[in-house]
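For reference, the structure is listed below as structure tokens.
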Amino acid sequence: MFSSRNLWRAAFLASALSLGSFSVAPAAFAQTAPRGNFSYSAAKLSYRANGIRLDGTSANPARVKAPQLEASAQAIAFDLAGNSISQVRALTNVDLKVTLTPKSGGKSTRVEVRTASATLTTATRTLVLNGNLSGFYQEEGGPRNTLRGENATLRYVGENLVAEIEGGASGVQFSVPASGFGSSGATGTVVITAKNARLDEGTGVLRLVGNARAVSSGGAQNFDVAASEFVITRAANGQLSRLQTVGRTSVKLDLPPEPTQNSSSIGRPTRVEVMANKANVDLATSTAVFEGAVKGFYRLQPASGAAQNYNFSGETATIRYDEKAAQTGNGLSVEVAGGVEVE
């Protein structure tokens, strides 16, 4: 994944200077390597049978810098196997910047994160992060994904990066752009939170488990979706395209303002709220399908007078919003089936 030639030079240099003790005084290594694209500094360098270790302090951490790896921590260890690096470990107050690439080539992924510890295993292209994550990862040409939580494992399945994140007490969080439901305009930013998450960059599917919630803000239209689990599909540009829920689901949706030429006598729809056992929201077609013990309402605002809520319940409900139809009439369509009640 990155060249180890200069690390071998560092190991040989440590051996030569230590004369058997395999450690050297701080002054000897508090400097940049003399040649090549690899540099390092540390208060102490130790040479082990299968690698080297750089030790620093909280005030002056150990540092390494190479074209695809930059790290600082109180300790950084390299395990060597043959003529290559098999593993890199950084411990305590880690600041890591690394570029990961699948074995067979393909899109690289940039990771920049602060954490308590990090372990990079080069043979499997696996990066394990533990403790108070703060940072991001970004596949080449793709959106930036937030790394926040307690633990994370980034690994490749074939050429596809898979990220598994454990949120811990603070949970996980992602911020993504999204196309509006029933509107060609954007909804602004969608903040998605849960206890744990798994993102497959190959399929664009993000699975969130435990108190999942998606809230949009900053656009003409806003929504709030909550359930025990989400399965989210993103488009190639990173926009949210489909959201499926597992478990009892709450959906609150502000519909986009309709044009002034709308002459509908019953009023324009402004808000929809639904509870159901599961939901499938397709932003591309502006269609939401709810199943199981469905209960909710939609709100109409007449040209004059107070807004009125229209309650509905049933086993299934399909809600569509047609932006073109809203130009001259009511763009909202609500179809309820199975023990239907409408008030």
Side-chain angles (χ1 to χ4, degrees), residues 1-11 32-33 36-42 45 51-56 61-81 83-166 172 174 197-202:
M1 188 160 53
F2 48 83
S3 173
S4 61
R5 183 179 303 169
N6 288 311
L7 283 176
W8 273 108
R9 290 178 183 148
T32 300
N37 294 322
F38 175 78
S39 60
Y40 57 89
S41 62
L45 187 148
I52 60 174
R53 175 180 169 121
L54 304 171
D55 284 286
R63 301 178 187 275
V64 296
K65 186 175 182 180
Q68 293 177 307
L69 171 68
E70 185 175 348
S72 68
Q74 287 195 32
I76 303 173
F78 295 86
D79 289 346
L80 308 175
N83 292 321
S84 63
I85 299 169
S86 60
Q87 193 173 81
V88 183
R89 298 184 304 281
L91 303 173
T92 311
N93 297 329
V94 178
D95 187 347
L96 176 68
K97 299 176 182 178
V98 62
T99 299
L100 305 175
T101 305
K103 283 185 177 181
S104 57
K107 294 182 178 180
S108 61
T109 298
R110 182 67 173 178
V111 182
E112 297 190 11
V113 63
R114 292 178 181 272
T115 184
S117 69
T119 300
L120 174 63
T121 303
T122 61
T124 59
R125 303 314 200 253
T126 300
L127 176 63
V128 178
L129 306 168
N130 297 113
N132 196 25
L133 312 181
S134 177
F136 72 90
Y137 73 92
Q138 184 174 22
E139 189 178 54
E140 184 180 352
R144 179 174 290 192
N145 300 291
T146 303
L147 275 175
R148 193 192 79 172
E150 191 62 26
N151 304 303
T153 300
L154 283 73
R155 58 187 176 86
Y156 281 96
V157 178
E159 294 185 2
N160 298 327
L161 181 74
V162 174
E164 297 174 327
I165 306 171
E166 299 175 11
V172 299
F174 296 85
R198 184 182 190 274
L199 175 57
D200 187 329
E201 290 288 350

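When reading the values below, keep in mind they use all heavy atoms of this one structure, side chains included, and skip hydrogens, waters and symmetry mates.
Val111 has its side chain within reach of Leu127: a pair of non-hydrogen atoms, C-beta onward, lies under 4.5 Å apart. Side chains of Asn160 and Glu201 form no contact here, defined as non-hydrogen atoms less than 4.5 Å apart. Val162 places a side-chain heavy atom less than 4.5 Å from the side chain of Arg198. Annotation: side chain of Ile76 is not in contact with side chain of Tyr40 (no heavy-atom distance under 4.5 Å). A 4.5 Å side-chain heavy-atom check between Asp200 and Val157 finds every atom pair outside the cut-off. Between Val98 and Leu120 the shortest side-chain heavy-atom distance falls below 4.5 Å. Two residues are said to be in side-chain contact when any heavy atoms from C-beta on lie closer than 4.5 Å; Leu129 and Leu147 meet this criterion. You'll find the side chain of Thr115 stays beyond 4.5 Å of the side chain of Asn132, heavy atoms only.
Judged as a side-chain hydrogen bond (donor to acceptor under 3.5 Å, both in side chains), and not counting sequence neighbours, Arg155 has no contacts. Listed by chain and number, the residues in a side-chain hydrogen bond (donor to acceptor under 3.5 Å, both in side chains) with Asn151 are Asn130, Glu166 (sequence neighbours excluded). For Arg63, there are no side-chain hydrogen bond (donor to acceptor under 3.5 Å, both in side chains) partners two or more places apart in sequence or in a different chain.
Distance OG1/Thr153 to CD/Glu164: 6.0 Å, rounded to 0.5 Å. Taking OG of Ser117 as the start and CG of Leu91 as the end, the distance is 6.0 Å to the nearest 0.5 Å. Put simply, CG on Leu54 and CG on Leu45 are 5.0 Å apart, with the number rounded to the nearest 0.5 Å.
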Output, in order, the C-alpha distance, side-chain angles, deciding distance and verdict of side-chain contact (heavy atoms from CB on, under 4.5 Å) for Phe78 and Val64.
-> CA-CA 11 Å; Phe78 295 86; Val64 296; 3.9 Å; yes
Please walk me through it: do Leu69 and Leu96 pass side-chain contact (heavy atoms from CB on, under 4.5 Å)?
-> CA-CA 8 Å; Leu69 171 68; Leu96 176 68; 3.6 Å; yes
Please lay out, stage by stage, how Thr99 and Arg110 fare under the test side-chain hydrogen bond (donor to acceptor under 3.5 Å, both in side chains).
-> CA-CA 5 Å; Thr99 299; Arg110 182 67 173 178; 3.0 Å; yes
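With hydrogens and angles disregarded, no donor-acceptor distance shorter than 3.5 Å links the side chain of Lys97 to the backbone of Lys65. Of the possible donor and acceptor atoms, none in the side chain of Ser134 sits under 3.5 Å from a partner among the backbone N and O of Arg114. A donor-acceptor pair under 3.5 Å is absent between the side-chain atoms of Thr101 and the main chain of Ser108, judged by distance alone. With hydrogens and angles disregarded, a donor-acceptor distance shorter than 3.5 Å links the side chain of Tyr156 to the backbone of Leu100.
Between the side chains of Thr121 and Gln87, a donor-acceptor pair is found at a separation under 3.5 Å.
Judged by the 6.0 Å distance and 45° axis criteria, Arg144 is positioned over the aromatic ring of Phe136.
The two residues Phe174 and Thr146 have their closest heavy-atom pair at CE2-O, 3.9 Å. Minimum interatomic distance between Gln74 and Pro61 (heavy atoms only, all atoms of both residues): N-CB, 4.4 Å. Smallest separation of non-hydrogen atoms from Ala62 and Asp55: CB-C, 4.1 Å.
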